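Encoded as structure tokens, the structure appears first; notes follow it.
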Amino acid sequence: MTSLDNSEVRDPFGTLRRALWIGGGQWAGKSTVAGLLAVQYGVTTYHYDYHDARGHNDRRIARRVTLGEPVIGPDKDTMWVHTTPEEMAAQTLAGFPDRFQWALDDLRALESGRPVIAEGWGLRPELVAPVIDSPRRMVVIVPTPEFQQRQVRELPRAASVSHRVSDPARAQANRLARDRLVAEDAVRAARRLGIRVIIVDGSRDAAATAEEVAAHFSPYLPEPERTP
């Protein structure tokens with residue numbers, strides 16, 4: 001990736017300069033933590049996964065056409081059953097830079113007097129670093145393998161691949177192994193760049209993790225909202 005000075009990043013409303021970033025692994029509770037901070041501090045939350053799965057599909061199709069790839073993309077068995085976790089992780093990591101630019105476009109369109117907290121696994125440390133003026137504007141949250149398995153047991157959306165495939169058990173095992181590899185890569189990048197890593201093992205609830213993240217972001221957060 002080409003390193004950019006943050007003064008070179010287009011930011012018409014100053015949203016990116018004031019943004020706070022939560023990256024990391026799937027099933028670590030990033031969305032829950034961001035939501036708790038949004039309520040407590042009255043900030044806006046940008047959920048990367050929601051936009052990436054819905055609003056960015058036209059751009060994803062256009063990218064395939066530009067690269068000469070099939071418009072529809074690979075079938076679900078090829079994607080989830082017949083591809084190894086290592087191959088899946090490599091493909092995911094290779095796609096993040098383009099997807100990050102789409103997220104930046106979303107964020108540029110927001111204007112707020114308070115910081116925007118952007119959260120999602122595609123908000124990679126090496127991609128966010130050129131946008132921020134301090135490593136303290138980001139935190140990476142990843143689950144332990146044990147907590148990942150607990151999330152699989154307790155969260156319906158984590159329990160299986162949400163597509164029809166010939167071997168659901170293998171597809172799920174591949175998906176979880178891919179997620180671990182992608183999370184490990186995020187940790188390595190964060191530590192190389194001096195960005196805080198929080199490992200979630202389930203010994204504390206989401207509120208405690210949100211409190212730790214709030215303390216990390218404290219120079220940039222407004223005063224907490226007062227409840228009546």
Side-chain angles (χ1 to χ4, degrees), residues 1 21-34 47-57 59-61 63-64 67 69-70 72-103 118-128 138-193 195 197-202:
M1 182 196 72
W21 306 79
I22 300 175
Q26 296 282 62
W27 323 118
K30 301 181 302 300
S31 298
T32 302
V33 166
H47 294 291
Y48 169 92
D49 286 354
Y50 186 91
H51 290 271
D52 187 60
R54 296 167 180 81
H56 296 166
N57 201 44
R59 289 188 167 192
R60 189 172 291 110
I61 292 170
R63 180 176 179 272
R64 289 188 189 126
L67 295 174
E69 298 174 353
I72 297 177
D75 66 83
K76 303 309 177 186
D77 264 20
T78 298
M79 185 181 302
W80 297 105
V81 178
H82 303 307
T83 304
T84 68
E86 291 76 15
E87 292 168 333
M88 293 168 70
Q91 291 167 6
T92 299
L93 292 169
F96 276 146
D98 282 326
R99 293 157 71 180
F100 181 68
Q101 293 303 318
W102 305 340
E119 66 82 22
W121 78 322
L123 307 178
R124 309 292 297 174
E126 69 275 13
L127 300 176
V128 173
M138 186 176 195
V139 65
V140 167
I141 305 178
V142 294
T144 61
E146 294 76 19
F147 186 70
Q148 183 197 55
Q149 289 300 323
R150 174 173 150 185
Q151 294 286 71
V152 168
R153 292 192 301 271
E154 297 180 0
L155 294 178
R157 63 190 175 86
S160 64
V161 173
S162 59
H163 303 288
R164 277 190 165 181
V165 292
S166 62
D167 190 342
R170 183 175 178 182
Q172 173 70 343
N174 285 344
R175 173 204 200 188
L176 296 178
R178 176 207 64 175
D179 290 351
R180 287 193 291 271
L181 291 169
V182 172
E184 289 166 4
D185 185 85
V187 170
R188 286 192 295 270
R191 288 177 172 157
R192 185 175 71 249
L193 293 164
I195 290 170
V197 174
I198 296 175
I199 307 294
V200 177
D201 62 6

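Not measured: the values here are computed from a predicted model.
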Which pair of heavy atoms, one from V200 and one from A28, lies closest together, and at what distance?
CG2-O, 3.7 Å

Got a second to check how far N174's CG is from H82's NE2, nearest 0.5 Å?
10.0 Å

Closest non-hydrogen atom pair between P125 and V140, with its separation:
CG-CG2, 3.7 Å

Taking K30 for the side chain and G23 for the main chain, is one N or O donor matched with an acceptor at less than 3.5 Å?
no

Do K76 and V161 have side chains that approach each other closer than 4.5 Å (heavy atoms only, starting at C-beta)?
no

Using 0.5 Å steps for rounding, measure from the CZ atom of R175 to the CE atom of M79.
12.5 Å

So for atom CZ, which belongs to R54, do other residues, nucleotides or ligands contribute more than 12 heavy atoms lying within a distance under 6.0 Å?
yes

Nearest 0.5 Å, what's the CD-CH2 distance between Q172 and W80?
9.0 Å

Of the non-hydrogen atoms in E119 and A34, which two are nearest, and what is the gap between them?
CG-CB, 3.7 Å

So how far is it from I22 CD1 to Y48 OH, rounded to the nearest 0.5 Å?
15.5 Å

L93 vs R124 side-chain heavy atoms within contact, under 4.5 Å:
yes

Once rounded to the nearest 0.5 Å, what's the spacing between atom CD of E126 and atom CD1 of I195?
8.5 Å

Write down the atom of L123, the atom of A103, and the distance for their closest heavy-atom approach.
CD2-CB, 4.5 Å

Sub-4.5 Å side-chain heavy-atom contact between H51 and W102:
no

Below 4.5 Å, heavy atoms only, C-beta onward: do L193 and M138 meet side chain to side chain?
no

I need the minimum non-hydrogen distance between V197 and A190, along with the two atoms involved.
CG2-CB, 3.7 Å

Side-chain heavy atoms of V182 within contact of Q26, under 4.5 Å
no

Classify the ring geometry between W21 and F100 as parallel (under 30°), tilted (30 to 60°) or perpendicular (over 60°).
tilted

Residues 141-148 side chain polar contacts: donor-acceptor under 3.5 Å, at least two apart:
from : atom 1 : to   : atom 2 : distance (Å)
T144 : OG1    : F147 : N      : 3.1
Q148 : OE1    : R180 : NH1    : 2.6
Q148 : NE2    : L176 : O      : 3.3

Any idea which heavy atoms bring L127 and G122 closest together, and the distance?
CD1-O, 4.1 Å

Gap between atom CG of L155 and atom CH2 of W27 - 0.5 Å precision
7.0 Å

Any T92 side-chain heavy atom under 4.5 Å of R178 side chain
yes

Got a donor-acceptor contact below 3.5 angstrom from the R150 side chain to the G202 backbone?
yes

Please enumerate all residues that pass salt bridge (charged side-chain N to carboxylate O under 4.0 Å, His left out) together with D49, with sequence neighbours excluded.
none

